[in-house]
Amino acid sequence: MLLLSARPAPTRARATRLLPALALALGLLVLVGLVSVAVGTRSVPLDTVWRALTDPSSSFDDTVVLSRVPRTVLGLLSGAALATAGVIMQGLTRNPLGDPGLLGIGAGSAAAIVTGLAFFGVGSGQERVWLALPGALVAVVAVFALGSGRRGVTPVRLVLAGAVVTAVLSAYIQAVTLTHPEAFDSYRFWVVGSLAGRDPALIVETLPYLVAGFVLALVLPSSLNALALGDDTATALGATVGRTRLVGALATALLCAGSTAAVGPIAFIGLAVPHVVRLLTGADHRWLLPFSAVGGAVLLVSADVLGRVVASPGELQVGVVTAFLGAPVLLLAVRRMRGAE
Amino acid sequence: MTAPVTRPARSLPAAPPAPSRPVLRLGSWLSLPLRRRLIVVGSVALLGLLVLSLLTLALGSLGVPLPDLARAVLGDSDARTQFVLNVYRGPRLVTAIGAGAALGVSGALFQTVTRNPLGSPDVIGLGAGASAGAATFGLLLPGILPTPVGALVGALVAIGLVYLGTGRGFSSPGRMILVGIGVSAMATAFVQFVLTRVQLQEATALAAYLSGTLADRSWGDASVVWVAVVVLVPCAVALGRRLDLVEMGDDVADALGARSTATRTLVVLTAIGLSTAAVASAGPIAFVALTAPQVARRLARAPGASIVLSGLVGALLMVLADFVVQRGVFGSQLPVGLLTALLGGVYLGYLLLREWKKGTL
């Protein structure tokens, strides 16, 4: 599956090519952020946006712009978190289809939130964060417990265990939502994934999880590179496979729980962004991770803007837009693949 | 690029059965070696199915007492018994058996052709497509098509998209799974979008249907799935033999006359036919297609899941789930698909734990 080139690794040449590209991507990030603040039911020119952000007054335009800031920040953070988690998952499970959904994280958060809504009357608004994180962590622990055998955790077992946990939790969620209409009413608006009407306080509350996740992700790239060569080779190269899996799972859980609590489960960012970025950077995780983080942020916020433009004066939830954008991307990737057996 | 899970390559099948072993033959078209274990297990499954079916009809305040059942089935009974058999419980039971068998066989075919124990019709977007169709014609554009027909249309559209999306039809399982994931995600997002656009009551009703339910089935629902079972299961059995050859590698299969690409396409089409019929009659029911072949494989202790046995186990699972639902163990209003999802998930977890203890996998 992995072709080892006989040529010496062109690290420096790649760096001179990729560093400007990263700068370009960051520039794109800023631009998308500005557009997201400008576009909506009332659109504001970009120069007014800039003035409103740097020197806010109490004019109507400025109020509109500032009210869109939390939404945009949340989108940027969540997009980066989901894509980073996707890269880590794909590296950990050596599975190109790796997506945070795979470890049962989305289902764990959703099950915890539904439980809170139905049985304890909590889980609307900010309380979600406190439910989503333990839910995601419990699911990840369950997946690892199921997936670890006498000979340690193997990627195949992890994927299977993730499927099992997701299936059982989904059945539970359905059963609870079908018997508790009031919980279902709140759940159906959360599960679709949306950035609309988010409280600025949500950023402060989810930020610790996301930052912790990003920090853990920083130590992973070289271990993930080693892991790509297979467990035995990775061990021979001095990587501690077990610890990498643990740290990786923790990082993924933190990143996904934070973003899921904030904006709901959003499909495809974690799956599609690393695939597209890999075309640009190759398989080296030291480049793959930062590019994917930026790419995920750009994609999620662009999708949100698109949802506002397409369905104006209403809006299409960002989860719907990412699914409809992501599926064709996946399809194109599949078509370009040779020998996808 | 690999599918998430690959079964280790099978060793070459044993030499053709010795003449002394019993073989079931239907001309040159069909020949099945009759393994004793397979027959025993199959008979036990059939017996279990029969007992559960009788219990389903007999128990409860509306049930027909066992002594009267035989006469009642032959048409000699009072109006109340006839009503229970013809309207209330009969169609439901017959639909459950048919849908379970169709899903079991369909899953066995999918798992063999994709060489993936998680291979199931849902992997290529069938369930999600059916849900999207049901949401469209049930809620967004009510009155044009009945919801089950809408589900069928949705399933077919999803499969069509997957067929076009792979670029080479159904002959490449790896691509099929990948594109299926994409199509499923789109369909699921669409359903969730529709659920946010309608009144709570409508959304709840649709959510129940989307789990797959056997409530209020008619003989019409039952006949849809049974026509498919009667026509397609023999095709599946015949194709299964050719598929065994394809498993040995495309070159070998082609040399032996089992054209590999054509076989794979035919197998997928048969599997799709069976599972869409099940969806049309009972809604998108989770996990039976996935679990039944796994159970069958372990019962038969044979490397490849027997197709017929998978069907039997599927029917058994469905009738069992419906029995539990009707007896109201978990509350009376739960759709049967929820229970199959739960049972299937728990069973898969148990399998993992067992393999873990044995140190295999």
Review point. Side chain to side chain contact (heavy atoms under 4.5 Å, CB included) with A/Gln174: which residues, sequence neighbours excluded?
Key: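 In terms of side chain to side chain contact (heavy atoms under 4.5 Å, CB included), with neighbours along the sequence ignored, A/Gln174 is linked to B/Ser211, B/Leu338.
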
Exercise for review: Answer with side chain, backbone, both or neither: which region of A/Ala161 has an atom nearer than 4.5 Å to a non-hydrogen atom of chain B?
Suggested key: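 Contact with chain B involves both backbone and side-chain atoms of A/Ala161.
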
Check your understanding: Which answer fits A/Phe268, side chain, backbone, both or neither, if we ask what part of it has an atom under 4.5 Å from a heavy atom of chain B?
Key ->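 Just the side chain, heavy atoms under 4.5 Å.
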
Exercise for review: Could you have a look at A/Val321, A/Val164, A/Thr322, A/Leu325 and say which one has the most heavy-atom pairs with chain B under 4.5 angstrom?
Suggested key: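 Most heavy-atom pairs within the cutoff with chain B belong to A/Val164.
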
**Study point:** Residue among A/Pro328, A/Gly193, A/Ala175, A/Ala272 with most heavy-atom pairs under 4.5 Å to chain B
**Key:**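 Of A/Pro328, A/Gly193, A/Ala175, A/Ala272, A/Ala175 has the most heavy-atom pairs under 4.5 Å with chain B.
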
Point to revise | Greatest number of heavy atom pairs closer than 4.5 Å to chain A - which of B/Gly165, B/Ala185, B/Gly345, B/Ala189 | key: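 That would be B/Gly165.
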
Exercise for review: Determine the option with the most heavy-atom pairs under 4.5 angstrom with chain A, choosing from B/Leu195, B/Thr166, B/Val183.
Suggested key: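 Among the listed options, the one with the most contacts to chain A is B/Leu195.
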
Point to revise | Any residue meeting salt bridge (charged side-chain N to carboxylate O under 4.0 Å, His left out) with A/Arg188, in chain and number order, not counting sequence neighbours | key: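 Partners of A/Arg188 under the salt bridge (charged side-chain N to carboxylate O under 4.0 Å, His left out) test: A/Asp185.
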
Heavy atoms only: give me the nearest [X]-[Y] pair and the separation to one decimal.
X        : Y        : result
A/Ala327 : B/Gly182 : CB-O, 3.5 Å
B/Phe193 : A/Gln317 : CD1-OE1, 3.2 Å
B/Ile181 : A/Leu271 : CG2-CD2, 4.4 Å

Check your understanding: Is it the backbone or the side chain of B/Tyr347 that comes under 4.5 Å from a heavy atom of chain A, or both, or neither?
Key ->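 When you check distances to chain A, no heavy atom of B/Tyr347 falls under 4.5 Å.
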
Check your understanding: Checking side chain to side chain contact (heavy atoms under 4.5 Å, CB included) for the pair B/Phe190/A/Val320: CA distance, chi angles, key distance, verdict?
Key -> CA-CA 7 Å; B/Phe190 177 73; A/Val320 180; 6.0 Å; no

